[in-house]
Amino acid sequence: MNRKYRKTVIAGNWKMNKTPSETKEFMAQFKTIMPKGRWCDVALCVPAVCIPAAVRAMRETRVGIGAENVNANPSGAYTGEVAANMLVDAGCKYVIIGHSERRAMGETDADVNAKVLAALEAGLIPIMCCGESLEQRESGITEEWVAMQIKLGLAGVSEEKIRKVVIAYEPIWAIGTGRTATPEQAQEVCENIRAVIRKLYSSKNARAISILYGGSMNEKNAYELLAQPDIDGGLIGGASLVPEKFVQIIEAANQPTV
Ligand code: PEP
């Protein structure tokens, strides 16, 4: 992390877990143990039906609520989909885009790009995910693969808007597996992502953008991962479902930085 130049963001991704009633219970518990004072930015991205309960519960706090997906179109005949302006109106601040679980359902880099543009247009903070499979890592193409995902995902994002984007590096082999990337492995890719942003935009923008790590981050390994200079936070699945664990990760993000 480097709090001098960019925001630290700890974001939860609940995936398809918790009902609206369970959301209410989680938030009530979370609020009682949430760190007080000025900490990092905290986001909780929840299933669409849980957004109203989450927004209501967190209204007086500095926790931002987010969605886990968005449709790139402003409105129309897209049964079952949710548009960016609907998320804004519902009180969302963030939206996860291009999670590997959605890419596995057929989402392409072009879809991710259209969603990032739509989210920015509506005023949402996109948390754009990227990351390689185990096969890609073992064949030594991680750097190129992730660079390509970043370039395609950010196509058409202007100089003014790039700083609003949060990038999450999530190696697919580390998501939900309990197998975390080592701090060095995660740092190496996050540093490369920043270099790609530098080439696409500028040094200033590269220095200002928040790059998160995701993949079995938990209360035990968070401190070491977050101590890396180019890891500006975490996107957390499993451990964000338990208030105590999520709070400990937020606390790990409050360590001194370079
Ligand atoms: C995720 O869903 O983005 C994720 C990183 O999950 P987990 O923390 O459970 O690996």
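All residue numbers in this chain count up from 1 along the given sequence. Order of appearance sets the numbers: ligands from 1, and atoms from 1 within every ligand.
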Show the atoms of ligand 1 that are less than 4.0 angstrom away from any heavy atom in [X].
X	result
Ala174	10 (O)
Gly214	5 (C)
Gly176	7 (P), 9 (O), 10 (O)
Gly238	7 (P), 8 (O), 9 (O)
Ser216	7 (P), 8 (O), 10 (O)

Enter the distance from Glu184:CD to Glu188:CD here, rounded to the nearest 0.5 Å.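 One gets 10.0 Å once the value is rounded to the nearest 0.5 Å.
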
What protein heavy atom is closest to [atom], reported as residue, atom name and distance in Å?
atom	answer
atom 3 (O) of ligand 1	Glu170 OE2, 2.7 Å
atom 8 (O) of ligand 1	Gly237 N, 2.8 Å
atom 2 (O) of ligand 1	Lys15 CE, 2.6 Å
atom 1 (C) of ligand 1	His99 NE2, 3.2 Å

Does a donor on one side chain sit under 3.5 Å from an acceptor on the other, for Trp173 and Glu132?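 Yes, a side-chain donor-acceptor pair sits under 3.5 Å.
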
Please tell me whether Glu170 and His99 have a donor and an acceptor in their side chains that are separated by less than 3.5 angstrom.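 His99 and Glu170 do have a side-chain donor-acceptor pair below 3.5 Å.
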
For ligand 1 and [X], I'd like to know whether there is a polar contact (N/O to N/O, distance under 3.5 Å).
X	value
Glu101	no
Thr177	no
Gly215	no

Side-chain (Arg194) to main-chain (Ile209) donor-acceptor, under 3.5 angstrom: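 Checking the backbone N and O of Ile209 against the side chain of Arg194, a donor-acceptor pair under 3.5 Å is found.
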
Is the shortest side-chain N to carboxylate O distance from Arg103 to Asp109 below 4.0 Å?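 A salt bridge is present here (some side-chain N lies under 4.0 Å from a carboxylate O).
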
Tell me which part of Asn13 gets within contact of ligand 1: side chain, backbone, both or neither, using heavy atoms under 4.0 Å.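 The answer is the side chain.
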
Considering residues, nucleotides and ligands other than Glu22, do more than 12 of their heavy atoms fall under 6.0 Å from its CD?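 Counting neighbours around CD of Glu22, more than 12 heavy atoms of other residues, nucleotides or ligands fall under 6.0 Å, so yes.
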
Could you tell me whether Glu107 atom CD has more than 12 heavy atoms of other residues or ligands within 6.0 Å of it?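 Atom CD in Glu107 is packed in, count exceeds 12.
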
Partners of Phe26 by ring pair (Phe, Tyr, Trp, His ring centres under 6.0 Å), sequence neighbours excluded?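 In terms of ring pair (Phe, Tyr, Trp, His ring centres under 6.0 Å), with neighbours along the sequence ignored, Phe26 is linked to Trp14, Phe30.
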
Kindly indicate whether the side chain of Met58, heavy atoms from C-beta on, has any atom under 4.5 Å from the side chain of Lys31.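 Of all side-chain heavy-atom pairs linking Lys31 with Met58, at least one is under 4.5 Å.
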
